[in-house]
Amino acid sequence: MSTMTPASSAVSKPKKQKTNAYPFYSPRFWHGMELGPWLKLCVRHHFRVHLFRWPMAALITPTAMMNSSMSFLQRAMYGKQIAETPLEEPPVFIVGHWRSGTTHLHELLCCDERFAWPSTYECFAPHHFLVSESWLPKMLWWLLPSKRPMDNMAAGFERPQEDEFALVALGAPTPYTRMAFPNEPPEYTELLDMVDVPEPVMQSFQQAVRQFLQALTLRKKKRLMLKSPPHTGRVGVLAEMFPGARFVHISRDPMSLFPSTMRLWQSLDAAQSLQAPSHADLEEMVFSWLEKMYAGFEAQRKTIDPAHLYDLRYEDLVRDPIGEVRAIYERLELGDFEAMRPQLEAYLATQKSYSPNKHELEPELREKIRARWGGYMERYGYTDE
């Protein structure tokens with residue numbers, strides 16, 4: 001990761017996010033970890049926890065102990081079944097940079113009842129959801145905010161969620177661990193493009209992905225519809241792990257993508273961090289992570305059957321969601337689109353009041369985005385109008 005350049009304008013500087021946008025008592029990603037991985041995470045960062053965040057850390061520790069006990073129970077009851085569960089149909093992966101519309105697209109495609117997807121609870125409790133999902137979410141429903149802190153989309157234990165959070169809870173290597181200690185150098189950035197990944201890290205990553213998807217399949221017995229922005233730079237690895245997998249890639253105008261991604265990390269850090277985030281390197285991180293992720297994506301997509309990967313733009317999806325979803329089904333051969341169309345139309349009718357965040361950028365920042373992300377803009381047909 002290159003050295004940070006000074007922020008070019010007031011618009012590009014990160015603004016402090018109110019931590020009360022995500023209540024203190026709400027569950028954090030780290031609440032899903034077992035005790036061993038939780039302690040290892042803290043040790044790797046020398047327990048550099050801010051004074052005001054020690055209560056959060058103190059609450060996570062007994063929860064991690066409970067997770068370890070529940071995980072032992074799930075392994076005892078279902079371990080052999082999970083290991084022997086095949087994915088009879090290859091998964092569908094929705095990929096694209098953060099804030100490019102992956103969540104919106106995921107929820108549209110999850111209208112199809114022929115597919116299954118990981119819920120927020122299953123991603124927060126991947127160790128034990130098979131033994132706890134029937135009762136524990138009913139006790140903890142009040143802990144989640146009604147909307148996500150970074151945008152206006154609904155939140156809830158039962159809603160579709162990105163599987164990268166399950167990797168966090170499983171203690172697997174993932175760049176998302178930076179949210180716990182955002183003032184430290186980020187870990188596992190090699191998993192953004194899958195270049196020079198140490199063999200133990202690769203094995204740990206692949207084992208965690210397989211374990212989670214097998215557990216989901218055992219629970220739901222349907223083809224899986226998944227989404228995770230970090231998977232964008234892993235498409236070749238995932239295609240090799242799951243032969244026949246399909247990929248839906250979504251892009252978005254960088255002039256909206258950049259400020260929205262800055263807001264995303266500010267919001268997540270405010271909610272999840274065990275430190276007081278300085279965000280000193282945040283702008284450079286946002287720039288460089290897209291560059292790294294898409295270097296991996298463009299290199300790996302060449303190894304994938306073109307009939308197994310579909311590109312679309314967020315702007316086109318918003319303009320014509322029915323037409324774009326139909327095109328995805330036809331290109332990737334996902335089944336009869338008309339069979340899921342009534343559910344899709346019913347969901348879209350509930351989203352008419354949704355209003356995305358709007359962003360205004362100063363000219364100097366727009367020029368920086370063009371300079372850093374010009375290749376992305378050219379590749380996916382974006383012009384600065």
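The first residue of the sequence shown is numbered 1, and numbering continues consecutively from there. Keep in mind that what you see is a predicted model, and the values were worked out from it rather than measured.
- Trp98 has its side chain out of reach of Leu290: every pair of non-hydrogen atoms, C-beta onward, lies at least 4.5 Å apart.
- Summarising the geometry of Leu108 relative to Met340, their closest heavy-atom pair is O-CE, 3.8 Å, with the distance given to 0.1 Å.
- Residues Glu184 and Arg178 are not paired through a salt bridge, judged by the lack of any N-O separation under 4.0 Å between the basic side chain and the carboxylate.
- Taking the centre of each ring, Phe287 and Phe258 come in below the 6.0 Å mark.
- Ion pairing of Arg219 with Glu133 is present here, as a side-chain N (NZ or NE/NH1/NH2) and a carboxylate O approach within less than 4.0 Å.
- A heavy-atom distance below 4.5 Å is found between the side chains of Met77 and Val131.
- Ionic pairing of Glu113 and Lys222 is not present here: no N-O contact between side-chain nitrogen and carboxylate oxygen is shorter than 4.0 angstrom.
- Asp193 is not listed as a side-chain neighbour of Met293, based on a closest heavy-atom distance of 4.5 Å or more.
- Shown here for Thr103 and Lys227, the closest heavy-atom pair between the two residues is OG1-NZ, 2.7 Å.
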Which is it for Ser100 and Arg252 under the side chain to side chain donor-acceptor pair (under 3.5 Å) test, yes or no, and what are the steps along the way?
-> CA-CA 5 Å; Ser100 61; Arg252 187 181 183 185; over 6 Å; no
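- A salt bridge links Lys220 with Glu122: the closest approach of a Lys/Arg side-chain nitrogen to an acidic carboxylate oxygen falls below 4.0 angstrom.
- The closest side-chain heavy-atom distance from Arg331 to Arg246 is not below 4.5 Å.
- Using modelled atom types, one side-chain atom of Arg53 and one backbone atom of Ser273 make a donor-acceptor pair closer than 3.5 Å.
- Pairing each heavy atom of Leu361 with each of Pro259, the nearest pair is CD2-CG, 3.8 Å.
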Output, in order, the C-alpha distance, side-chain angles, deciding distance and verdict of side chain to side chain donor-acceptor pair (under 3.5 Å) for Asn183 and His279.
-> CA-CA 7 Å; Asn183 298 337; His279 291 145; over 6 Å; no
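- Listed for the Asn67 side chain is a donor-acceptor partner under 3.5 Å among the backbone atoms of His31.
- Taking 4.5 Å as the limit, every side-chain heavy atom of Asp305 sits out of range of all side-chain heavy atoms of Phe247.
- Enclosure of atom CG in Asp336 by more than 12 non-hydrogen atoms of other residues, nucleotides or ligands within 6.0 angstrom is indicated.
- Counting heavy atoms from C-beta on, the side chains of Leu312 and His249 never come closer than 4.5 Å.
- In terms of the side chain to side chain donor-acceptor pair (under 3.5 Å) criterion, Trp373 has no residue partners (sequence neighbours excluded).
- In this structure, the side chain to side chain donor-acceptor pair (under 3.5 Å) partners of Glu199, at least two apart in sequence or on a different chain, are Gln203.
- In this structure Arg223 satisfies the side chain to side chain donor-acceptor pair (under 3.5 Å) test with no other residue, sequence neighbours excluded.
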Report, one line per pair, each donor and acceptor closer than 3.5 Å where one atom sits in a side chain of residues 85-96; sequence neighbours left out.
from  : atom 1 : to    : atom 2 : distance (Å)
Thr85 : OG1    : Gln81 : O      : 2.5

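- Aromatic ring centres of Phe165 and Tyr176: separated by under 6.0 Å.
- A salt bridge between Glu164 and Arg234 is present, with a side-chain N of the basic residue lying under 4.0 Å from a carboxylate O of the acidic one.
- With sequence neighbours excluded, no residue forms a ring-ring contact (aromatic ring centres under 6.0 Å, His included) with Trp30.
- Residue pairs meeting the salt bridge (Lys or Arg N to Asp or Glu O under 4.0 Å) criterion with at least one partner in residues 63-81, sequence neighbours excluded, are Glu34-Arg75, Lys80-Glu84.
- The six-membered or imidazole ring of Phe297 lies near that of Tyr294, with a centre-to-centre distance under 6.0 Å.
- Within the 4.5 Å cutoff, the side chain of Phe212 has no heavy atoms near those of the Leu167 side chain.
- Taking the six-membered ring for Trp and thresholds of 30 and 60 degrees, His45 and Phe181 have nearly parallel ring planes, at less than 30 degrees apart.
- Taking 4.5 Å as the limit, every side-chain heavy atom of Cys111 sits out of range of all side-chain heavy atoms of Glu345.
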